[in-house]
Amino acid sequence: MRIATWNINGIKARHDNLLRWLEQESPDVACLQEIKSVDENFPRKAIEDLGYHLETHGQKSFNGVALLSKKPFEEINRRLPGDDSDEQARFIEGILSTDKGPLRVVSLYLPNGNPVGTEKYPYKLGWMRRLIEWSKQRLELEEAFVLAGDYNVIPTAHDTHDHDAWWGDALYREETLDLFRELLATGLTEAFRACNDTPHLYSFWDYQAGAWPRNMGIRIDHHLLSPEAADLLKGCEILKDVRDWEKPSDHVPVMLTLDCE
DNA sequence: ATGACAAACTTTGTTTGA
């Protein structure tokens with residue numbers, strides 16, 4: 001089973017790219033972020049015509065996540081627990097049946113948190129603490145799950161083109177990395193780094209300043225696996241060619257392969 | 001030293017993103 005995560009930066013702007021990519025790669029599951037659409041306006045038909053079941057958790061203008069799956073979802077849960085006042089659409093969980101048992105797949109869009117010093121940064125840290133709690137509770141089930149998404153976290157200096165340029169940013173500073181490590185320490189495996197120790201491979205390149213042609217990127221889109229999912233890990237790769245397409249997102253898809261059907 | 005790019009809506013500027 002192949003499970004992609006991709007921040008598409010707007011379904012309206014990326015609809016044709018998404019369709020072309022789904023036809024080309026044919027992932028079993030796709031976790032999308034920044035759909036930037038309310039659920040009622042999400043263009044479903046062409047995606048469903050490719051054979052995908054589609055569930056969204058959208059909001060107007062910003063944020064928004066979606067799950068696509070060739071298999072039907074047994075259950076869908078929207079919103080990350082822990083703060084009923086949080087109105088931002090950043091989390092959707094689906095449960096699938098596989099030949100190795102149930103598999104939970106989450107598409108998440110972790111808050112950016114910039115600028116540090118505004119209310120946005122403590123919102124990010126609070127969201128990460130809620131995700132840690134979610135992970136601890138789900139791990140008690142001892143089932144396979146995949147937390148896939150745009151984490152807005154640069155895990156290590158190997159995941160940026162320039163440590164000094166990024167250090168201190170909300171994506172790459174002590175408090176952020178402490179909580180990311182705490183999340184991993186609940187018992188999760190970061191799939192890409194479990195498969196590939198080559199430094200300076202990225203999943204995001206800014207639209208500005210020629211960041212893509214100069215390869216000034218960061219790796220912030222991740223799959224975190226429960227132990228039961230990590231036992232099924234076969235591979236994980238960044239599909240960077242998509243960044244060269246016409247009208248690209250600033251993120252590229254990252255594709256996880258698990259040994260289940 | 002500065003700005004630089006894209007998307008959506010608040011739409012001919014502003015807000016957000018990273």
Side-chain angles (χ1 to χ4, degrees), chain A residues 5-19 21 31-43 56-66 86-91 107-128 131 148-177 179-180 192 200-222 238 240 242-254:
Chain A
T5 182
W6 190 14
N7 180 323
I8 58 172
N9 189 20
I11 185 59
K12 294 181 193 74
R14 217 68 58 216
H15 182 253
D16 292 353
N17 270 10
L18 174 63
L19 281 183
W21 180 78
C31 306
L32 307 181
Q33 300 88 39
E34 279 207 271
I35 63 174
K36 295 186 174 179
S37 168
V38 294
D39 296 335
E40 310 84 82
N41 294 345
F42 192 97
T56 61
H57 183 206
Q59 69 179 89
K60 191 177 177 183
S61 305
F62 306 114
N63 306 325
V65 288
D86 183 1
E87 296 294 328
Q88 299 191 31
R90 296 178 174 277
F91 187 97
S107 177
L108 67 86
Y109 178 42
L110 203 147
N112 174 296
N114 280 307
V116 174
T118 68
E119 72 289 348
K120 293 185 177 190
Y121 192 56
Y123 172 66
K124 175 181 193 144
L125 298 180
W127 209 93
M128 294 181 79
L131 189 59
D150 177 357
Y151 280 74
N152 275 311
V153 173
I154 301 169
T156 75
H158 288 169
D159 303 307
T160 166
H161 66 98
D162 186 340
H163 163 89
D164 292 337
W166 282 94
W167 186 252
D169 189 278
L171 282 64
Y172 189 50
R173 66 203 322 274
E174 208 55 54
E175 301 97 312
T176 303
L177 297 193
L179 285 171
F180 189 68
F192 185 78
H200 307 301
L201 298 174
Y202 311 125
S203 65
F204 167 90
W205 296 259
D206 200 295
Y207 290 118
Q208 300 184 65
W212 165 244
R214 297 160 73 185
N215 198 28
M216 295 169 64
I218 51 178
R219 196 174 67 87
I220 57 176
D221 300 274
H222 311 302
I238 297 170
K240 67 185 285 189
V242 178
R243 190 65 176 76
D244 256 336
W245 290 9
E246 286 284 318
K247 214 167 159 12
S249 170
D250 40 7
H251 297 249
V252 297
V254 184

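The model shown is predicted, which means the values in this text are computed figures rather than measured ones. Throughout, protein chains are lettered first and strands after them, A, B, ... in sequence-line order, and every chain is numbered starting at 1.
Annotation: cation-pi pair Arg173(A)/Tyr121(A) present, NZ/CZ under 6.0 Å from the ring centroid and within 45° of its normal.
For the P atoms, the distance linking dT10(B) with dT14(B) amounts to 15 Å, nearest Å. As rounded to the nearest Å, dT16(B) and dA1(B) have C1' atoms that lie 25 Å from one another. Across the P atoms, dG3(B) and dA7(B) are found 22 Å apart, a figure rounded to whole Å. Remark: the separation of the P atoms in dT2(B) and dT11(B) is 31 Å, to the nearest Å.
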**Asked** Would you write out the dot-bracket form of DNA chain B, 5' to 3', with Watson-Crick and G-U pairs under 3.5 Å, [ ] for crossing pairs, | for pairs to other strands and . for unpaired bases?
**Response** ....(((((...))))).
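Residue pairs satisfying the salt bridge (charged side-chain N to carboxylate O under 4.0 Å, His left out) criterion with at least one member in residues 111-126 of chain A, sequence neighbours excluded, are absent.
Taking Phe192(A) as the reference, nothing meets the ring-ring contact (aromatic ring centres under 6.0 Å, His included) condition, with sequence neighbours excluded. Partners of Trp245(A) by ring-ring contact (aromatic ring centres under 6.0 Å, His included), not counting sequence neighbours: none found. Applying the salt bridge (charged side-chain N to carboxylate O under 4.0 Å, His left out) criterion to Glu246(A), with sequence neighbours excluded, gives no partner residue.
The interatomic distance linking Leu18(A) (CG) with dA7(B) (P) rounds to 14 Å, in whole Å.
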**Per-nucleotide protein contact string for nucleotides 8-18 of chain B, where B marks a base within reach and S marks sugar-phosphate only (heavy atoms under 4.0 Å, - for neither)** = SSS-----SSB
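Environment of NE2 in His200(A): crowded, with over 12 heavy atoms of neighbouring residues, nucleotides or ligands closer than 6.0 Å.
Between the Tyr207(A) side chain and the Asp250(A) main chain, a donor and an acceptor come within less than 3.5 Å of each other.
Using modelled atom types and a 3.5 Å distance limit, the side chains of Gln33(A) and Asp150(A) yield no donor-acceptor pair.
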